[in-house]
Asker: 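Quick one: structure below, then a few questions.
Positions are given from 1 along the sequence.
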Amino acid sequence: MSSKDKKRAALQEKYQLLRSVTNSNAANTASILVDASKHIQELKEKIERLNQDISGCGSSSTSPFPKVSVQTLEKGFLVNVFSERSCPGLLVSILEAFEELGLEVLDAKASCTDRFELEAVGEENEGVDSLDAQVVRQAVLQAIRNWSEST
């Protein structure tokens, strides 16, 4: 078998692998590449949707989830939640998440009329394992997802 034939066989093997990974039924190499390109685009879109769900980021008008930020303070956390739209019942869900984490709300400002805004300072109750901002943020995001599913 010549070097050229070996290269052609290796390339064909790679095309078949690409075809199986992308679940393509294409017969020729050009169609396999088109199917692979479509598959990659679908994966990128799926990643983008998942990242938006996880982070709650994106523009307020298109994202179904409010924006959440958590900052570590000397003794506790500053939690900000914002949504362009009103979110009836969301405040209760977030406060329940604080309670589950063992955070005591020391100070809070909330607006739930035309849009939803919450600025809360929470401090860890005694006997609670040390929390970090990421754990608090994830708990708030989970509370938002639970609220969203129930409405």
Side-chain angles (χ1 to χ4, degrees), residues 1-73 76-103 108 110-122 124 128-151:
M1 189 180 234
S2 73
S3 173
K4 196 174 188 179
D5 289 337
K6 287 180 184 179
K7 286 180 182 177
R8 184 175 289 130
L11 188 58
Q12 280 304 110
E13 186 178 320
K14 289 177 183 173
Y15 276 121
Q16 292 308 314
L17 179 61
L18 185 59
R19 182 177 172 221
S20 67
V21 168
T22 60
N23 295 321
S24 172
N25 293 322
N28 64 42
T29 57
S31 296
I32 292 171
L33 291 174
V34 168
D35 287 349
S37 178
K38 288 178 184 176
H39 184 73
I40 290 168
Q41 187 60 38
E42 288 170 4
L43 290 174
K44 284 180 179 179
E45 290 169 4
K46 186 175 183 178
I47 289 169
E48 182 63 32
R49 283 192 308 269
L50 290 172
N51 283 335
Q52 285 180 350
D53 287 349
I54 290 170
S55 68
C57 291
S59 72
S60 300
S61 60
T62 60
S63 177
F65 293 98
K67 293 182 181 181
V68 177
S69 69
V70 178
Q71 297 173 350
T72 304
L73 302 175
F77 303 94
L78 172 63
V79 179
N80 285 291
V81 182
F82 178 79
S83 175
E84 286 288 339
R85 61 186 176 95
S86 178
C87 302
L90 181 57
L91 180 60
V92 173
S93 295
I94 293 172
L95 292 176
E96 287 174 347
F98 280 20
E99 189 176 322
E100 289 174 14
L101 286 173
L103 285 178
S111 173
C112 305
T113 15
D114 296 331
R115 58 184 180 208
F116 182 87
E117 293 179 80
L118 171 65
E119 180 180 278
V121 176
E124 295 176 50
V128 174
D129 291 337
S130 182
L131 298 172
D132 66 12
Q134 187 62 24
V135 170
V136 174
R137 185 172 188 279
Q138 290 303 318
V140 172
L141 288 171
Q142 185 60 50
I144 292 169
R145 279 191 288 276
N146 293 343
W147 166 83
S148 178
E149 291 171 1
S150 69
T151 56

Asker: What distance separates Asp35 CG from Asn25 CG, expressed to the nearest 0.5 Å?
Answerer: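 Atom-to-atom, Asp35:CG and Asn25:CG are 8.0 Å apart.
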Asker: Salt bridge between Glu48 and Lys46, side-chain N to carboxylate O under 4.0 Å?
Answerer: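 Result for this pair is no, no salt bridge flagged.
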Asker: Hey, what do you get for OG (Ser111) to CG (Leu91), rounding to the nearest 0.5 Å?
Answerer: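 One gets 10.5 Å once the value is rounded to the nearest 0.5 Å.
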Asker: Are there more than 12 heavy atoms of other residues, nucleotides or ligands under 6.0 Å from atom CD of Glu99?
Answerer: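 Check fails, neighbour count at 12 or below.
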Asker: Roughly how far, to the nearest 0.5 Å, is the CD1 atom of Ile144 from the OG atom of Ser93?
Answerer: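 One gets 9.0 Å once the value is rounded to the nearest 0.5 Å.
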Asker: Identify which one of Val140, Asn80, Leu90, Val81 satisfies the side chain to side chain contact (heavy atoms under 4.5 Å, CB included) criterion when paired with Leu118.
Answerer: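 Passing option: Val81.
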Asker: Just jot down the side chain to side chain contact (heavy atoms under 4.5 Å, CB included) partners of Ala36, sequence neighbours excluded, or say none.
Answerer: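 Testing Ala36 for side chain to side chain contact (heavy atoms under 4.5 Å, CB included), a comparison that skips the adjacent residues, returns Leu18, Thr22.
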Asker: To the nearest 0.5 Å, what is the distance between OG (Ser83) and CG (Asp114)?
Answerer: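 Answer rounded to 0.5 Å: 11.5 Å.
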Asker: Between Glu84 and Arg115, which heavy-atom pair has the shortest distance, and what is it?
Answerer: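 Taking every non-hydrogen atom into account, O-CB, 3.4 Å.
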Asker: So, the side chain of Ser86 versus the backbone of Cys112: is there a donor-acceptor pair under 3.5 Å, distance only?
Answerer: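 Checking the backbone N and O of Cys112 against the side chain of Ser86, a donor-acceptor pair under 3.5 Å is found.
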Asker: Just by distance, with hydrogens left out, do Gln134 and Arg137 show a side-chain donor and acceptor under 3.5 Å apart?
Answerer: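 Checked: Gln134/Arg137 side chains show no N/O donor-acceptor pair below 3.5 Å.
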Asker: I'd like to know whether CD of Gln41 has more than 12 heavy-atom contacts from other residues, nucleotides or ligands below 6.0 angstrom.
Answerer: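 Atom CD in Gln41 is packed in, count exceeds 12.
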Asker: Could you tell me which non-hydrogen atom of Ala133 sits nearest to which non-hydrogen atom of Phe77, and how far apart they are?
Answerer: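 Looking at all heavy atoms of both residues, the shortest contact is N-CE2, 3.4 Å.
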Asker: My understanding is that only residues two or more places apart in sequence, or in another chain, count here; which of them pass salt bridge (Lys or Arg N to Asp or Glu O under 4.0 Å) with Glu119?
Answerer: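 Glu119 satisfies salt bridge (Lys or Arg N to Asp or Glu O under 4.0 Å) with Lys109 once adjacent residues are dropped.
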Asker: If I take atom CG from residue Leu131 and atom CD from residue Glu124, how far apart are they, to the nearest 0.5 angstrom?
Answerer: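 Leu131 atom CG to Glu124 atom CD measures 4.0 Å (nearest 0.5 Å).
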Asker: Decide yes or no for Val92 and Trp147: does some side-chain heavy atom of the first lie under 4.5 Å from some side-chain heavy atom of the second?
Answerer: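 Val92 does not reach Trp147 side chain to side chain.
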Asker: How long is the straight-line distance from CG of Leu103 back to CD1 of Ile94, given to the nearest 0.5 Å?
Answerer: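 Going from CD1 on Ile94 over to CG on Leu103, the span is 12.5 Å.
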Asker: Do Gln12 and Thr29 have side chains that approach each other closer than 4.5 Å (heavy atoms only, starting at C-beta)?
Answerer: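 Yes, their side chains come closer than 4.5 Å.
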Asker: Taking the side chain as C-beta and beyond, is there a heavy-atom pair between Ile47 and Lys44 under 4.5 Å?
Answerer: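 Sidechains of Lys44 and Ile47: no contact.
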